[in-house]
4 protein chains.
Amino acid sequence: MPPDPSRRSERSRRAILTAATDLVHEVGYRKLTIEAIAARAGVGKQTIYRWWPSKGAVVLDGFLAAVNENPDDLSLPDTGDVAADIRGVVRAIVAELADPTLSGTTRALMTEMQDDPEFADMVRERLLGPQLQAIADRLRAAQEAGQLRADLDVPVAVELLVGPLYHRWLLRTAPLTEAYADTVTELALRALSP
Amino acid sequence: MPPDPSRRSERSRRAILTAATDLVHEVGYRKLTIEAIAARAGVGKQTIYRWWPSKGAVVLDGFLAAVNENPDDLSLPDTGDVAADIRGVVRAIVAELADPTLSGTTRALMTEMQDDPEFADMVRERLLGPQLQAIADRLRAAQEAGQLRADLDVPVAVELLVGPLYHRWLLRTAPLTEAYADTVTELALRALSP
Amino acid sequence: MPPDPSRRSERSRRAILTAATDLVHEVGYRKLTIEAIAARAGVGKQTIYRWWPSKGAVVLDGFLAAVNENPDDLSLPDTGDVAADIRGVVRAIVAELADPTLSGTTRALMTEMQDDPEFADMVRERLLGPQLQAIADRLRAAQEAGQLRADLDVPVAVELLVGPLYHRWLLRTAPLTEAYADTVTELALRALSP
Amino acid sequence: MPPDPSRRSERSRRAILTAATDLVHEVGYRKLTIEAIAARAGVGKQTIYRWWPSKGAVVLDGFLAAVNENPDDLSLPDTGDVAADIRGVVRAIVAELADPTLSGTTRALMTEMQDDPEFADMVRERLLGPQLQAIADRLRAAQEAGQLRADLDVPVAVELLVGPLYHRWLLRTAPLTEAYADTVTELALRALSP
DNA sequence: TTTTAATCGAGACGGTACGTCGAGTCTTGCT
DNA sequence: AGCAAGACTCGACGTACCGTCTCGATTAAAA
């Protein structure tokens with residue numbers, strides 16, 4: 001029998017998310033334990049197990065709560081200049097991935113996705129999906145404006161843009177810089193142009 | 001004081017790598033334990049701890065040993081037709097990533113890289129580096145043959161090719177098919193052409 | 001922070017003591033392991049480490065629990081005939097030391113006392129002390145009845161009685177028989193008489 | 001096949017005994033390990049296992065070597081005054097047991113005897129037997145001189161003398177003093193007199 | 001004096017148990 | 001009912017030693 005959400009303690013929920021977020025920065029995701037979260041939050045372990053299916057889910061919730069505090073609209077600006085607009089997002093993504101604070105948690109989430117399909121669904125739906133969708137939307141608009149090839153497969157186009165960024169970020173083959181962002185943008189757009 | 005490699009038991013080394021490789025297929029990397037490897041290999045735990053710094057290192061060694069048994073030359077063929085040659089590797093990579101047997105281990109290695117920098121170095125040097133280098137070599141040859149842009153940054157070009165593949169593979173946003181491989185190849189090469 | 005005894009599992013406590021007692025008979029004290037006790041008792045190792053400071057403490061508790069199940073009054077009978085009363089205890093002690101079942105555990109406890117002062121305190125307080133006190137009490141009564149020397153140092157008198165028994169038992173210089181018990185009794189009482 | 005004693009390395013033998021004796025004082029018998037002895041002695045472990053059956057045997061050998069360096073004759077003086085002669089040994093034994101340096105090792109040896117019958121034989125033959133025999137000899141002489149009861153069982157008489165000392169020493173029920181030695185001597189001799 | 005074979009230092013090996021940590025479940029008493 | 005607290009079973013961790021087993025490198029007896 002699932003617990004009754006209406007009786008849930010808001011105070012505990014917040015304390016848990018805060019503790020999880022803090023601890024993930026202090027000790028890293030791998031050394032983060034449910035016990036430590038409970039202790040730091042002043043909460044029984046059961047309260048965590050009751051409301052979250054896994055350590056990753058708690059951290060994801062905490063991460064989303066932190067991000068959505070200032071819930072800037074995800075949708076990209078449409079200045080009419082595809083190149084400029086896309087360059088903007090790509091730079092933003094690179095900046096986020098290069099930021100050691102955010103990066104650690106994101107890394108953990110991507111790691112955790114690899115062997116927990118249910119968790120992977122959560123991350124895709126709530127975190128990555130919307131971001132990628134925003135880019136896709138902008139590309140589709142450009143396509144309809146005739147600025148991109150008509151036969152373009154938009155999702156693939158998105159991957160052509162962000163795939164290189166994630167590859168470099170995950171493999172740490174080279175540093176993530178703004179110049180890199182612009183190079184990737186330029187190359188990808190050339191491929192996508194009519 | 002480090003152990004003396006000349007006194008190392010070859011029989012134990014092999015048994016450990018075999019056991020690790022088998023077990024990672026049977027139970028997955030996350031549920032793989034040093035204790036189980038030792039038990040399966042008929043070996044004391046200390047023998048593992050003596051020669052490998054981590055579980056990941058054992059699995060990597062086992063993976064490389066399996067791969068290198070038939071050490072097909074990594075360097076790409078150069079038929080003169082860049083598009084064909086590149087399409088070949090991209091298809092091969094996609095096939096490998098789509099293969100559930102190989103894929104599991106590769107996923108684990110990439111996962112492990114994220115929070116163990118020393119291990120990341122090992123994987124880059126011994127596994128990923130050579131593969132990417134082979135592609136880079138072929139691209140550079142094409143560039144020198146005037147088939148690709150003269151101002152091309154080859155490492156970025158490699159990422160433009162494989163980044164999308166890994167992105168889709170890690171995020172599981174869509175299936176990895178041969179058609180997908182060809183689409184990515186076509187798009188990327190358009191970007192790289194003079 | 002020490003654990004809360006009121007939340008202790010009585011079922012686990014009993015299972016542990018039983019398992020320890022059984023195993024000490026089966027394999028002997030030296031080959032007895034915490035791990036085996038836990039396994040036999042169907043209990044986590046931590047539960048043992050939580051409540052007992054050492055292997056010896058567990059065995060002592062088990063031994064005392066077994067002994068105190070039929071808690072025959074330790075105090076000696078006082079028939080008025082010192083010689084008879086003392087001969088009774090001495091015979092009883094000899095019988096106990098000669099009994100291979102009880103003897104094994106007692107040996108282990110005495111052994112363990114030698115290099116664990118805290119454990120030695122426990123054994124003295126809870127096992128040996130009361131036994132020796134009972135003899136001391138009977139001797140003191142006899143002394144007050146004028147049957148023993150007035151200037152007698154009672155604790156030394158007790159040692160004169162039991163010391164030889166333990167000496168022979170520990171050194172295994174000769175078998176412990178009832179005749180031996182009587183010889184020691186007779187000799188010691190001659191020394192203690194007025 | 002037993003090793004050939006004529007090829008034995010005297011230097012190693014000495015180094016091992018010295019290391020064992022030193023270490024037993026530094027860390028105690030229980031924490032003493034064969035590995036530590038070998039390391040300290042600059043000797044391979046096998047060299048120890050080749051020549052000694054157990055840790056106890058090494059320590060016993062070391063102890064005897066130290067004791068026998070000044071191999072004072074064990075036999076007691078016979079001044080004609082049994083009481084004086086016996087008081088002498090009893091005091092000597094008490095002094096030895098009270099000496100924290102010697103006592104530790106002796107404790108360990110007696111402990112080890114309890115669950116290693118072969119080792120017990122060694123200790124009895126080479127260490128305790130001779131000491132007790134010396135007392136027995138002196139008592140027998142006194143008996144033949146008519147100073148002790150004619151029907152006296154000499155071994156029991158010896159136990160009556162030393163049993164109390166060991167009892168107090170092993171159980172640590174009270175301190176071992178010279179006064180105590182004299183009290184025991186006096187009481188025991190009263191029992192043994194005609 | 002040379003051979004030769006056992007002993008030697010060194011330390012890797014297969015094992016067993018250690019004492020600790022954290023997972024996820026269960027129980028108790030409070031709110 | 002949910003909650004804080006924390007004891008519970010379980011399983012793995014990484015370490016310490018055990019006693020056995022190679023490895024050359026001495027080293028002392030036999031040839």
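All chains are named by letter (A, B, ...) in the order of the sequence lines, taking the proteins before the strands, and each is independently numbered beginning at 1.
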Under 4.0 Å between a side-chain N/O of [X] and OP1 or OP2 of [N], yes or no?
| X | N | answer |
| --- | --- | --- |
| B/T47 | E/dG14 | yes |
| C/S9 | E/dT27 | no |
| A/S12 | F/dG2 | no |
| B/W52 | F/dG14 | no |

Find the distance [X]:[atom1] to [N]:[atom2] and express it as a whole number of Å.
| X | N | atom1 | atom2 | value |
| --- | --- | --- | --- | --- |
| A/I48 | E/dT25 | CD1 | P | 13 Å |
| A/E10 | F/dG2 | CD | C1' | 14 Å |
| B/R50 | F/dA16 | CZ | P | 13 Å |
| C/R13 | F/dC8 | CZ | P | 12 Å |
| C/I16 | F/dC10 | CD1 | P | 12 Å |
| A/Y49 | F/dC8 | OH | C1' | 14 Å |
| D/K55 | F/dC18 | NZ | C1' | 11 Å |
| C/W51 | F/dG6 | CH2 | P | 11 Å |

Query raised in the report: So do the side chains of B/E118 and B/M122 get within less than 4.5 Å of each other, counting heavy atoms only?
Result: no
Query - Minimum side-chain heavy-atom gap A/F63-A/L109 below 4.5 Å - result: yes
Requested in this report: Specify the residues of residues 30-37 of chain B, ordered by number, for which at least one heavy atom lies under 4.0 angstrom from an atom of DNA chain E.
Outcome: none
**Report entry** Contact residues, residues 17-25 of chain A to DNA chain E [heavy atom, < 4.0 Å]
**Finding:** none
Report summary line: CD1 of B/I37 to OG1 of B/T18, rounded to nearest 0.5 Å, is 11.5 Å
Query raised in the report: Given D/W52 and D/L17, is the side chain to side chain contact (heavy atoms under 4.5 Å, CB included) satisfied, shown in steps?
Result: CA-CA 11 Å; D/W52 286 274; D/L17 295 184; 3.7 Å; yes
Query raised in the report: Which part of the nucleic acid, if any, lies within contact of A/R8, taking any heavy atom under 4.0 Å across all strands shown: a base, the sugar-phosphate backbone alone, or nothing?
Result: sugar-phosphate
Query raised in the report: Looking just at side-chain N and O atoms, do D/R107 and D/T111 make a donor-acceptor pair shorter than 3.5 Å?
Result: no
Strictly below 4.0 Å, N to O, side chains only: are [X] and [Y] in salt-bridge contact?
| X | Y | result |
| --- | --- | --- |
| D/R30 | C/E112 | yes |
| D/R124 | D/D121 | yes |
| C/E26 | C/K31 | no |

Query raised in the report: If you draw a 6.0 Å radius around CZ in D/R50, do more than 12 non-hydrogen atoms from other residues or ligands fall strictly inside?
Result: yes
Requested in this report: Show your reasoning for whether salt bridge (charged side-chain N to carboxylate O under 4.0 Å, His left out) applies to A/D61 and A/R126.
Outcome: CA-CA 10 Å; A/D61 259 19; A/R126 303 177 54 192; 3.1 Å; yes
Query raised in the report: Where the side chain of C/Y49 meets the backbone of C/I34, is there a donor-acceptor pair that is under 3.5 Å apart?
Result: no
Query raised in the report: Quick one: what's the B/S/- string for nucleotides 21-31 of chain F, heavy-atom cutoff under 4.0 Å, read 5' to 3'?
Result: BB----BBS--
Query raised in the report: How far apart are the C-alpha atoms of B/Q114 and A/M110, what are their side-chain angles, what is the distance that settles it, and do they pass the side chain to side chain contact (heavy atoms under 4.5 Å, CB included) test?
Result: CA-CA 9 Å; B/Q114 300 312 312; A/M110 294 222 32; over 6 Å; no
